[in-house]
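Since the structure is predicted, the reported quantities are computational estimates derived from the model, not experimental observations. For the numbers below, each heavy atom of this structure counts, side chains included, while hydrogens, waters and symmetry mates do not.
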Amino acid sequence: YASIHLDAHRRIAALLRVSRGVSEVLSTLLLNFIAAFLVAWMVHGPLQEASAAYPQSDALPSAARLWMLPGTWVHVGLLLPLRARPLAAFVLFRSALGLRWRALGLAPEAARYAGVSPSRETLRVLMVSGALAGLAGAIYGACVAQGASNGGNTCQTCNTAYSRTA
């Protein structure tokens with residue numbers, strides 16, 4: 001359920017940006033309220049723990065959790081972005097795709113004159129960044145949440161302070 005909603009979340013924001021010019025900051029901020037209500041519905045319904053005592057999901061099985069690096073408090077999820085950084089640098093600074101994205105960000109009119117489709121590339125950038133944000137959320141759920149007091153569950157009020165700081 002969550003991956004379907006997150007995909008819809010990023011697609012809605014991207015389509016609003018391309019079709020209506022709505023700022024993705026504003027649209028995703030407002031979509032967060034819909035996401036919070038969806039989580040509340042899910043932990044009271046299809047994802048509620050087996051005992052149905054609290055509005056939360058069952059804990060992730062230990063086999064589904066990412067492991068901690070031996071002798072540290074650092075989880076393996078920290079290594080994934082560090083390993084992906086050279087790939088991101090290559091895409092942005094050594095590929096035609098990166099050139100189009102940088103041109104679009106620095107000078108949209110010049111990019112349009114050079115034959116770059118602003119709507120297509122904007123949609124592509126927002127989809128890639130949304131997918132990376134979803135990956136970060138999955139890493140958080142599989143690594144960080146397992147050390148929290150809730151034991152890796154998804155609950156209605158878990159970590160709402162992080163999403164409300166905007």
Asks: Can you tell me how far the CG atom of Leu16 sits from the CG atom of Leu30, to the nearest 0.5 Å?
Replies: 10.0 Å

Asks: Among Leu126, Val25, Leu123, find the residue that satisfies the side chain to side chain contact (heavy atoms under 4.5 Å, CB included) test when tested with Arg17.
Replies: Leu126

Asks: List the atom of Gln48, the atom of His44, and the distance in Å for their closest heavy-atom pair.
Replies: OE1-O, 3.3 Å

Asks: Any chance you could measure Leu132, atom CG, to Leu80, atom CG, to the nearest 0.5 Å?
Replies: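 So the CG of Leu132 and the CG of Leu80 are separated by 11.5 Å.
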
Asks: Do Phe37 and Ile34 come close enough that some side-chain heavy atom pair is under 4.5 Å?
Replies: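 Counting from C-beta outward, Phe37 and Ile34 never come under 4.5 Å.
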
Asks: Kindly determine whether Leu69 and Leu78 satisfy side-chain contact (heavy atoms from CB on, under 4.5 Å), including the steps that lead there.
Replies: CA-CA 10 Å; Leu69 296 175; Leu78 179 66; over 6 Å; no

Asks: So, taking the atom named CZ in Phe90 and the one named CG in Leu97, what distance separates them when rounded to the nearest 0.5 Å?
Replies: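 Going from CZ on Phe90 over to CG on Leu97, the span is 10.5 Å.
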
Asks: Check for me, please, whether Val91 and Val125 land in the same ILVMFWY cluster - side-chain distances under 4.5 Å, paths through other members count.
Replies: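 Val91 clusters together with Val125.
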
Asks: Say you draw a straight line from CD1 of Ile12 to CD of Glu24; how long is it, rounded to the nearest 0.5 Å?
Replies: 15.0 Å

Asks: Hydrophobic clusters here meaning ILVMFWY residues chained together by side-chain heavy-atom distances under 4.5 Å, can you tell me if Leu106 and Leu99 are in one?
Replies: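 No; tracing contacts between hydrophobic side chains, which count when under 4.5 Å, never links both residues.
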
Asks: Could you give the distance from OG1 (Thr122) to CG (Leu104), rounded to the nearest 0.5 Å?
Replies: 4.5 Å

Asks: What's the shortest heavy-atom distance between Glu121 and Val116, and which atoms?
Replies: CG-CG1, 3.6 Å

Asks: Closest heavy-atom contact between Met127 and Ala14?
Replies: SD-CB, 4.2 Å

Asks: Search all heavy atoms of Val22 against all heavy atoms of Ser27 and return the closest pair with its distance.
Replies: CG1-CB, 4.1 Å

Asks: Should Leu82 and Leu92 be counted in the same cluster of Ile, Leu, Val, Met, Phe, Trp and Tyr side chains packed under 4.5 Å apart?
Replies: no

Asks: Identify the heavy atoms of Arg112 and Pro118 that sit nearest to each other, and give their distance.
Replies: NH2-CG, 3.4 Å

Asks: Are the side chains of Asp58 and Glu49 in touch, meaning some heavy atoms are under 4.5 Å apart?
Replies: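 They are in contact (side-chain heavy atoms under 4.5 Å apart), so the answer is yes.
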
Asks: Rounded to the nearest 0.5 Å, how far does CG of Asn32 lie from CG of Leu38?
Replies: 12.0 Å

